[in-house]
Q: 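Sending over a structure as structure tokens; questions will come in a sec.
Computed from a predicted structure; not experimentally measured. The sequence lines fix the lettering, A, B, ..., with proteins before strands; numbering per chain opens at 1.
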2 protein chains.
Amino acid sequence: MPDLSIDVVAKAAGVHRSTVSRAFSRPEAVKSETREHILRVAEGLGYTMSPLAQALRRKTSNIIPLIVPDITNPFFAELAKTMTQAADERGYQLMLCVTNGDPAKSDGYFTAMQAMYAPFGIVAPSTKVDTEALKRFAFGHKVVVIDRVEGDDSVPTVTVDSRKGIMLALDHLHSLGHTSIGYVSGIAGTHTAQDRMDAYLELTAQSGSRPVVLDSGSDLDAGTRGAEHFLEMDNPPTAIIAANDMVAFAVISALGRSGLRVPDDVSVIGFDGLALGARFNPPLTTVRQPIADMGHIAIELAEKQNGDGSVDHIVLEPELLVRGSTSELRK
Amino acid sequence: MPDLSIDVVAKAAGVHRSTVSRAFSRPEAVKSETREHILRVAEGLGYTMSPLAQALRRKTSNIIPLIVPDITNPFFAELAKTMTQAADERGYQLMLCVTNGDPAKSDGYFTAMQAMYAPFGIVAPSTKVDTEALKRFAFGHKVVVIDRVEGDDSVPTVTVDSRKGIMLALDHLHSLGHTSIGYVSGIAGTHTAQDRMDAYLELTAQSGSRPVVLDSGSDLDAGTRGAEHFLEMDNPPTAIIAANDMVAFAVISALGRSGLRVPDDVSVIGFDGLALGARFNPPLTTVRQPIADMGHIAIELAEKQNGDGSVDHIVLEPELLVRGSTSELRK
DNA sequence: AGTGTTATTGCAACCGATCTCAGCAACCGA
DNA sequence: TCGGTTGCTGAGATCGGTTGCAATAACACT
């Protein structure tokens, strides 16, 4: 592959560098005849433009960072999946940045991305998003956040309606006859996590029952602890809402280890709608977040903001996914 | 942020561009006094070098592609996790490339990465690796593969000893009294998948029992089908080895839906050692692959090859992880 | 025919580094 | 004292494109 630069194509096509450049990046500025000739020649040579050189000059690249706390968490994995797809549908390359919840790391990623002229970035927060920090780096660079952001409307966001989701779960459980319904938190301290918890507290109170928070931790062991707590109770709830699917898995697993069966002894419902849930034992009933949509929309929002500067806050509707981990209350 | 280029630092420090450049990338070539002064000035300005400009000139970047078929599969997610870590420990940025098993896509990624001057790439195959295709693109660029490669020693690989793994599983099951042990395949058609299956067939025969392949498909539904097949058998095995954890999950889930309990009715053992397995219901007994090591080693191999051109084939040892999905045979 | 547009293309500076070469000062041994 | 090293720094070309500006050609209109 004799180094293929724009100049060799230019020479081969008998035109100037700049014309070749335009043929590729501003087709309407080149006589169609010439353009086609150039493209044909380039094709024949197997030439493609160097994204690096382009980025250097244009000061904007096609690399977009996706910042997640933990790719091992299937929620973020599914997000990453749809985002890579959405990204390369539009010619972007997704750069995976895993912070492990360390804000210092995400700072590092931001500067790196700035240096790479990323046109924007997507942040799936592990902790409440600090808009100040964002601003400090985002600098010209735009960011869209997959979470609610407190007191700052200047950053586009996409979320799902937490309250609605919890309501769906609660209604489903009520319709099965459950009245005593526990809650296990478990995602990191994001606004979304907060919102779900608040919604649970509020809606439970509204329906006249007593809220039972089995665990309000924010790590992966919340599920295990929640289950332990449950097992120690004198009068445990008959159903449990888990703040997310991973926690639900942990709850069911821990319960199972103590001989409790789901849904026979307790009903458990998750929140996320992970594909994995369908192959859990039992298949997990859950509130589905439209993750695929979130990914696409996040990128759209970013592009939109880049274009006309508009800042949107999209709130998606969750959906109940009834599988096998909840059942009619029998007494 | 008044655009920070090497020239402004040079001016501010009262030296020439090239000296600043050297101060950063070839420290020993600059009088330590000067160097420290430059570094101080740069620090004060908040200057960092543009990786893009560097890559353009040096013809080698710090971007390294990780090509996986599906990031949603926890195995690849865990791999990605350790690799991002290993990568940025050494100053690389991981570019996530998801092929969905489409070879055309991975071709695309290869050319893209070539254009980005990636120093090398990591391929976690979804299908038997085609060395020819690799060569066509790898071009100067080096690739290390997380799978065995057929008939070509020129590409570094890291794998775990499939035979040993299957042996571990078999021995464990035997020690629990099982003699009739089924097998469900299920990972895509990689050499590794093939190796596991072959090992099962061979070792089973050696021990004088009859191999029972419940399903040899290579998709995610293999587990479900395997379970169905199992349920239809007149004289089903008392234990099942799943080619990987995801399949094991599916098997257990499907069995559960038909009222069969694991490990009470059947023992099931997986292969992978996913963190998720610990929170499955029941916690999954499995053969652990040292995924974290694989990630680090993959990068080391790549760097090593880049350095002295050596090509290694590392085979790691798997390890038995006894949790709750296998138990003593009782008749 | 003369003048004003508009469509195309070439020129050359520029993006932010790297790297070879050359210059210069200090140092060494004879 | 002089040729020969060695250590450090500056010059300037270069990597592969982009883009504002100038030049030319083609076409329209009076």
Q: Answer yes or no: are there more than 12 heavy-atom neighbours, outside B:Arg26 itself, under 6.0 Å from its atom CZ?
A: no
Q: Got B:Ile146 and B:Leu79 here, is their nearest side-chain heavy-atom distance under 4.5 Å?
A: yes
Q: Heavy atoms within less than 4.0 Å of DNA chain D: which residues of residues 29-41 of chain B have one? Give them sorted by number.
A: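 Output list: B:Ala29, B:Val30, B:Lys31, B:Thr34.
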Q: Does B:Val41 form a side chain to side chain contact (heavy atoms under 4.5 Å, CB included) with B:Val20? I'd like the steps, not just the answer.
A: CA-CA 10 Å; B:Val41 171; B:Val20 178; over 6 Å; no
Q: May I have the distance from A:Asp7 (atom CG) to C:dA12 (atom P), rounded to whole angstrom?
A: 14 Å
Q: Under a 4.0 Å threshold between the charged nitrogen and the carboxylate oxygen, would A:Lys31 count as salt-bridged to A:Glu36?
A: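 Result for this pair is no, no salt bridge flagged.
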Q: I want to check something: taking the side chain as every heavy atom from C-beta on, are A:Val143 and A:Phe110 in contact at a cut-off of under 4.5 Å?
A: yes
Q: Stems in DNA chain C: runs of 3 or more consecutive Watson-Crick or G-U pairs, distances under 3.5 Å?
A: C:1-30 with D:1-30
Q: Within a reach of under 6.0 Å around CD of B:Glu33, are more than 12 heavy atoms found that belong to other residues, nucleotides or ligands?
A: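 No, CD of B:Glu33 has 12 or fewer neighbouring heavy atoms, counting only those of other groups under 6.0 Å.
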Q: Please check: side-chain N/O of A:Thr84 versus main-chain N/O of A:Ala80, any donor-acceptor pairing under 3.5 Å?
A: yes
Q: How many Å lie between CG on A:Leu52 and P on C:dT18, as a whole number?
A: 13 Å
Q: Just so I know, are the side chains of A:Thr157 and A:Ile314 near enough to count as touching, which here means a heavy-atom distance under 4.5 Å?
A: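 They are not in side-chain contact.
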Q: At under 4.0 Å between heavy atoms, which parts of nucleotides 18-25 of chain D does protein reach? Answer with one letter per nucleotide, 5' to 3': B base, S sugar-phosphate only, - none.
A: BBB-----
Q: Has A:Tyr47 got a side-chain N or O lying under 4.0 Å from the OP1 or OP2 atom of D:dG17?
A: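 Checking A:Tyr47 against D:dG17: at least one side-chain N or O falls below 4.0 Å of OP1 or OP2.
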Q: With distance as the sole test, does B:Asn62 use its side chain to make a donor-acceptor pair with the main-chain N or O of B:Gly91 at under 3.5 Å?
A: yes
Q: Is A:Tyr117 close enough to C:dC15 that one of its side-chain N or O atoms is under 4.0 Å from OP1 or OP2 there?
A: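 It does not, given that no N or O in the side chain of A:Tyr117 lies less than 4.0 Å from OP1 or OP2 of C:dC15.
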Q: Are A:Asp312 and A:Pro156 packed together at the side-chain level, in the sense that at least one heavy-atom pair is separated by less than 4.5 angstrom?
A: no
Q: Taking only the side-chain nitrogens and oxygens of B:Lys59, find out if one of them lies under 4.0 Å from OP1 or OP2 of D:dG16.
A: yes
Q: May I have the distance from B:Lys11 (atom NZ) to C:dG16 (atom C1'), rounded to whole angstrom?
A: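 Distance, rounded to whole Å: 13 Å.
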Q: Ion pair present between A:Glu303 and A:Lys142, side-chain N to carboxylate O less than 4.0 angstrom?
A: no
